[in-house]
Amino acid sequence: MNANTSSLAGLIWSVADLLRGDFKQSQYGRIILPFTVLRRLECVLAPTKDKVLGMVDTTKSMPEEAANKLLLNAASQSFYNTSKLDLSKLGETQIWDNLDAYVRAFSPDAREIFEHFAFEKFITELDKADLLYKVVQKFAHFDLSPEAVDNYHMGLVFEDLIRRFAESSNETAGEHFTPRDIVRLTTSLVFATDDDALTKPGVIRSIYDPTAGTGGFLSCGMEYLHELNDKAVLKTFGQELNPESYAICKADMLIKGQEISNIKLGNTLSNDQLPGNRFDYCLSNPPFGVDWKKVEKTIKDEHTLRGYDGRFGPGLPRVSDGSLLFLMHLISKMQQPTVEIPGSRIGIILNGSPLFTGGAGSGESEIRRYILEQDLLDAIIALPTDMFYNTGIATYIWVLSNHKPAQRKNKVLLVNAADLHSPMRKSLGSKRKYLNDDVLEQLVSLYSRYDEAEIEQSGIAKLFSTRDFGYRRITVERPLKLAFYPHDADRIEAMKADKPWAKLDGTLQSAVLTALGRFTAEKLLSRDQFKKALVAQMDGIKLPAPAFKLICKHIGEQDDAAEVCKTKGQPEPNPDLRDNENVPLSENIDDYFAREVLPHVPDAWIDTGKTDELDGQVGIVGYEIPFNRHFYQYQPPRSLEVIDADLDAVSKEIMAMLAEVHS
């Protein structure tokens, strides 16, 4: 932003001086933003105002759609206003009525912006505070005409006002606004390899944000492209759930000359309002760790009924966190590469959960599996903590592409930027750190490199094969080996207290207890021998299988010295000793098993009956991205001498303080 646009934004924001005392600081933006939009719209419409007014009588008898089309034509814009009024002609005595009528005279798309700003409510409060006329007069004197401020620079002014609004209401800033440095980095990464868009005149690209907020990503994409290639055209699309954020976004796009009907209001996950559209770039900062219970049925139905023809074919994450749903939604918006269309790229900001939550076979793991096996994941950049207004948690930028360069095919770049932050002079909510321009340039440059040795030399980046994140979860069984203690009174009492015992016939109960009492050995190491002896001593009373199972449960105990229990000649596994091993996809499971398991438990075996649903091989395939493990650096503990010296120093300090208290 240059000095002129910054000073204009400051001048407009100075209206807050009028509001101070009558309105909360967090409300300033809710008044200043819609008035800025109103003034800009009337300045843009001024040259064709008379032409539109001349058409009003003609269109009164026409169908609404036809009249709307004719008036838009007359205005030569994507909006119009049929009122003879403007901010300078509202008067002082009936200003509320006149302003309300003036706003209602806008075309539907433009009028909707003011409705979602709750403009009527705030002008009513301004009127009650006897401030409405003063505010209107202030805005009436700002020259926001296209001749004075073109669309690009007006967009920068409006962004500055949005930022001021977000920073003045820290408690809700994170719901509306992604910090500028994060937006800039994500946008730069996504645009980094599109040489045509960055250089070729007249190239047309589309950008989409399913969680548009106030339009930060859309605006930054336009700004970034304009800086590098002002002859390129970027068409913006978005959807937003919060009505106020939607109004700001739509107003911002309107000010910048975008097609505002491309900005939609509603829940993207349950009601995608751009269902047939595909985009060149997709950018998003979805809410972290927010559940999707409200739309659970709709999403599960789409997953079940449409499968891969819908958005959620690979699987569904747990209901407590919808982050990966947004990622799958964005993947569904990618264009398939052709000779004419290069394909699509995605930049999405997620917390740490999508990297590793969910074991093999879970919805999260299957989603990661799909992304990695389809070679869509290009890079993940770990950001510092304390980067966002409403949370201090660790966050990551995922970059996806369906047209990766040859050097990056089946590869994923991990970049650890967690320590590259600068401290902010003043905290904004939870945001205490930012990425300066040098760091942004360093990260984009590093991302754009393809030489693996050069990447490794950076010290903060590593290149991996997509299969490096995959594993097979094999089930390791160990044989059931039971030793029996027929005279153990505590075990017998526990058996009698178990619910299934009460269901046994009294005669059978008596026979079992009598038989146990007749054993001469204190301990038996064979289940078969124990059963034979038990049956032989039950005086002809039949021993049902459930009863023997109950006896084994309490009288028996796993003992490695005992004989292996078998069923139909095969060793019977002990469910209590069952374990799982995650075998890297790059390894043979038998070799891994022989090396890592058998030396410790020689009698173990792999359950070959548990196979992967997709490839049919033994073991369930899982994927996780243990980011921190790959960048972990061992820090040796301090020596005992150093710790003792610290303790001595602290002890002396405490004693000195106590001496002062007693003196």
Side-chain angles (χ1 to χ4, degrees), residues 208-211 239-241 266-278 282-334 344 346-377 380 393 395-396 398-400 402 412 466 469-473 580 582 585 610-616 619-627:
Y208 169 66
D209 185 349
T211 54
Q239 187 163 334
E240 171 56 32
L241 179 62
N267 190 313
T268 303
L269 296 180
S270 61
N271 182 21
D272 175 18
Q273 295 185 39
L274 296 161
N277 296 67
R278 301 292 179 269
C282 299
L283 293 159
S284 178
N285 175 24
F288 300 147
V290 173
D291 71 57
W292 44 282
K293 283 180 182 173
K294 290 180 182 177
V295 294
E296 184 176 358
K297 184 180 185 307
T298 304
I299 289 171
K300 285 186 172 179
D301 284 349
E302 182 173 342
H303 169 68
T304 305
L305 301 174
R306 299 195 61 198
Y308 284 88
D309 291 332
R311 297 172 293 169
F312 311 120
L316 296 177
R318 61 202 64 199
V319 177
S320 58
D321 187 355
S323 299
L324 285 171
L325 293 177
F326 286 103
L327 180 52
M328 284 192 290
H329 170 77
L330 287 180
I331 290 171
S332 76
K333 295 297 184 182
M334 298 178 94
S344 299
I346 293 170
I348 183 170
I349 301 166
L350 301 170
N351 63 8
S353 177
L355 292 169
F356 50 79
T357 298
S362 68
E364 292 90 348
S365 178
E366 287 299 296
I367 294 166
R368 290 190 291 267
R369 178 181 187 174
Y370 176 80
I371 292 167
L372 288 159
E373 291 187 352
Q374 296 297 313
D375 196 22
L376 295 174
L377 184 59
I380 297 178
I393 63 173
T395 50
Y396 302 80
W398 291 45
V399 182
L400 290 85
N402 60 1
V412 177
T466 53
F469 304 116
Y471 61 89
R472 284 188 185 277
R473 186 188 67 199
N580 294 307
N582 291 340
L585 285 182
K610 291 185 178 175
T611 57
D612 186 76
E613 194 174 307
L614 293 184
D615 67 18
I620 311 300
V621 172
Y623 278 86
E624 65 177 17
I625 305 172
F627 198 102

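All of these numbers come straight from a predicted model, not from anything done at the bench.
In this structure, Q273 and P275 approach most closely via the heavy-atom pair C-CD, 3.2 Å. Smallest separation of non-hydrogen atoms from H303 and F312: ND1-O, 2.6 Å. Residues L283 and P210 come closest through the heavy atom pair O-CD, 3.7 Å. Annotation for S365 and A360: closest pair OG-CA, 3.9 Å, computed over non-hydrogen atoms. The shortest non-hydrogen separation linking E364 to T357 is CB-O, 3.0 Å. Here the shortest heavy-atom pairing between V621 and E366 reads O-OE2, 3.9 Å.
Here the side chains of L350 and F326 are not in contact, with every heavy-atom distance at 4.5 Å or above. Counting heavy atoms from C-beta on, the side chains of W398 and L327 come closer than 4.5 Å. The shortest side-chain heavy-atom distance between K610 and N580 does not fall under the 4.5 Å cut-off. At a threshold of 4.5 Å between non-hydrogen side-chain atoms, the residues T466 and L377 do not count as touching. Under the 4.5 Å side-chain criterion, counting only non-hydrogen atoms from C-beta, R311 is not in contact with M328. Taking the side chain as every heavy atom from C-beta outward, I346 and K333 never approach each other to under 4.5 Å.
The structure places CG of L325 at 9.5 Å from CD of E302, a figure rounded to the nearest 0.5 Å. Here CG of L324 is found 6.5 Å from CD1 of I371. Values are rounded to the nearest 0.5 Å. Atoms CG and CD1, from L614 and I620 in turn, are 10.0 Å apart once rounded to the nearest 0.5 Å. Separating the CG atom in L330 from the CG atom in L400 is a distance of 8.5 Å, to the nearest 0.5 Å. Interatomic distance, OG of S344 versus CG of N402, reported as 5.5 Å (0.5 Å rounding). Distance check: Q239 CD to D272 CG gives 6.0 Å after rounding to the nearest 0.5 Å.
A side-chain donor from one of D321 and S323 sits under 3.5 Å from a side-chain acceptor of the other.
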Show every donor-acceptor pair shorter than 3.5 Å between a side-chain atom in residues 287-295 and any protein atom, with sequence neighbours excluded, or say none if there are none.
from: D291; atom 1: OD1; to: K293; atom 2: N; distance (Å): 3.2
from: W292; atom 1: NE1; to: R318; atom 2: O; distance (Å): 3.0

Q: May I have the step-by-step check of side-chain contact (heavy atoms from CB on, under 4.5 Å) for L355 and F469, ending in yes or no?
A: CA-CA 10 Å; L355 292 169; F469 304 116; over 6 Å; no
